[in-house]
Amino acid sequence: MYLELLVDHHTSIHSLLKHLSAFTSASILAANAEEASRAVSRLAGLLTVHLAAEDKFLYPSLARSEDEHIRTTAARFDEEMGHLASTFLSYKEAWMTPTKIRQNPAACLEATKEVLAALQERLGREDAQLYPLLQD
């Protein structure tokens, strides 16, 4: 049941990432700053819950697993990607308002590309490598 909730979160997060990645240029982003801001806000709300669930509960629980493969995979993922919550928090603080987006849409676009890539990497790796271990 818990894993199903995390998988559902991933589906919703992927949808929001796709929406944000549609802003493909600084001019498009500036022209749609309100919409982009709302998408960042929705993503922030969902990620706050999701990353807290994973980083504070799932990963520590997996670190205590009797299965060595689960323990080592979780430890490696936590070490490689555990910083993502703080990275996203910095991004959100910098770019969550339409005014901030319009002030420097090129920098916002670059930051958005970086944070989306990091999120897509984490979700993709969890979907492909971690979550299947928990379904067995």
Side-chain angles (χ1 to χ4, degrees):
M1 180 73 159
Y2 184 67
L3 183 59
E4 289 175 23
L5 177 63
L6 295 176
V7 170
D8 286 346
H9 284 175
H10 277 205
T11 301
S12 297
I13 293 166
H14 280 296
S15 177
L16 289 167
L17 297 179
K18 183 178 179 182
H19 184 80
L20 280 168
S21 67
F23 304 112
T24 56
S25 72
S27 60
I28 291 172
L29 186 58
N32 295 283
E34 289 86 4
E35 182 182 347
S37 174
R38 284 190 300 274
V40 171
S41 180
R42 287 193 303 271
L43 182 59
L46 182 54
L47 276 176
T48 297
V49 171
H50 182 75
L51 293 176
E54 285 186 343
D55 295 345
K56 290 184 171 66
F57 301 107
L58 178 64
Y59 280 94
S61 173
L62 297 179
R64 296 185 302 272
S65 173
E66 293 180 14
D67 184 312
E68 182 180 350
H69 185 56
I70 290 174
R71 277 195 323 271
T72 58
T73 301
R76 187 176 74 249
F77 279 28
D78 187 44
E79 180 180 322
E80 294 171 357
M81 301 179 293
H83 66 282
L84 193 51
S86 63
T87 299
F88 186 79
L89 178 63
S90 296
Y91 167 79
K92 176 188 83 161
E93 289 173 356
W95 303 110
M96 199 159 104
T97 67
T99 301
K100 290 179 179 181
I101 293 170
R102 280 191 207 99
Q103 286 173 344
N104 195 344
C108 179
L109 183 63
E110 201 54 41
T112 299
K113 287 178 183 178
E114 289 176 15
V115 82
L116 294 185
L119 287 166
Q120 288 169 336
E121 178 185 353
R122 178 170 171 159
L123 271 58
R125 289 180 67 194
E126 287 175 345
D127 288 341
Q129 299 171 30
L130 184 66
Y131 287 2
L133 292 175
L134 309 178
Q135 293 172 337
D136 296 335

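All residue numbers in this chain count up from 1 along the given sequence.
Of the possible polar contacts, none joining the S15 side chain to the T11 backbone as a donor-acceptor pair under 3.5 Å is found.
In terms of heavy atoms, S21 sits closest to T24 at O-CG2, 3.6 Å. Here the closest non-hydrogen pair linking A85 and D55 is CB-OD2, 4.1 Å. In this structure, P98 and S37 approach most closely via the heavy-atom pair CD-OG, 3.3 Å.
A side-chain hydrogen bond (donor to acceptor under 3.5 Å, both in side chains) check over residues 57-73, counting only residues at least two apart or in different chains, returns the pairs Y59-E126. Listed by first then second residue, pairs satisfying salt bridge (Lys or Arg N to Asp or Glu O under 4.0 Å) with a partner in residues 32-50 read E34-R102, not counting sequence neighbours. Identified under the ring-ring contact (aromatic ring centres under 6.0 Å, His included) test for residues 31-58, with sequence neighbours left out: H9-H50, H10-H50.
Listed by chain and number, the residues in a salt bridge (Lys or Arg N to Asp or Glu O under 4.0 Å) with E114 amount to none (sequence neighbours excluded). In this structure, T87 has no side chain to side chain donor-acceptor pair (under 3.5 Å) partners at least two apart in sequence or on a different chain. Partners of D127 according to the salt bridge (Lys or Arg N to Asp or Glu O under 4.0 Å) rule, which considers only residues two or more places apart in sequence or in another chain, do not exist here. In terms of the side chain to side chain donor-acceptor pair (under 3.5 Å) criterion, residue partners of E80 (sequence neighbours excluded) are, by chain and number, R125. Considering only residues two or more places apart in sequence or on other chains, T97 meets the side chain to side chain contact (heavy atoms under 4.5 Å, CB included) condition with T99, K100. Every side chain to side chain contact (heavy atoms under 4.5 Å, CB included) that A26 has, sequence neighbours left out, goes to P105, A106. S12 pairs by the side chain to side chain donor-acceptor pair (under 3.5 Å) definition with nothing, not counting sequence neighbours. Applying the side chain to side chain contact (heavy atoms under 4.5 Å, CB included) test to A75 and every residue at least two apart in sequence or in another chain returns nothing.
Note on V7 and I70: same hydrophobic cluster, where clusters join Ile, Leu, Val, Met, Phe, Trp and Tyr whose side-chain heavy atoms are under 4.5 Å apart, directly or indirectly. There is no path of hydrophobic side-chain contacts, each under 4.5 Å, that joins V49 to L6. Note on L3 and M81: same hydrophobic cluster, where clusters join Ile, Leu, Val, Met, Phe, Trp and Tyr whose side-chain heavy atoms are under 4.5 Å apart, directly or indirectly.
Think of L123 as one node in a network of Ile, Leu, Val, Met, Phe, Trp and Tyr side chains linked at under 4.5 Å; its network also takes in I13, L16, L17, L20, F23, I28, L29, V40, L43, L46, L47, L51, L84, F88, Y91, W95, M96, I101, L109, V115, L116, L119.
In this structure, the side chains of E54 and R122 come closer than 4.5 Å at one or more pairs of heavy atoms.
Once rounded to the nearest 0.5 Å, the distance linking CG of L130 with CG of L62 reads 6.0 Å.
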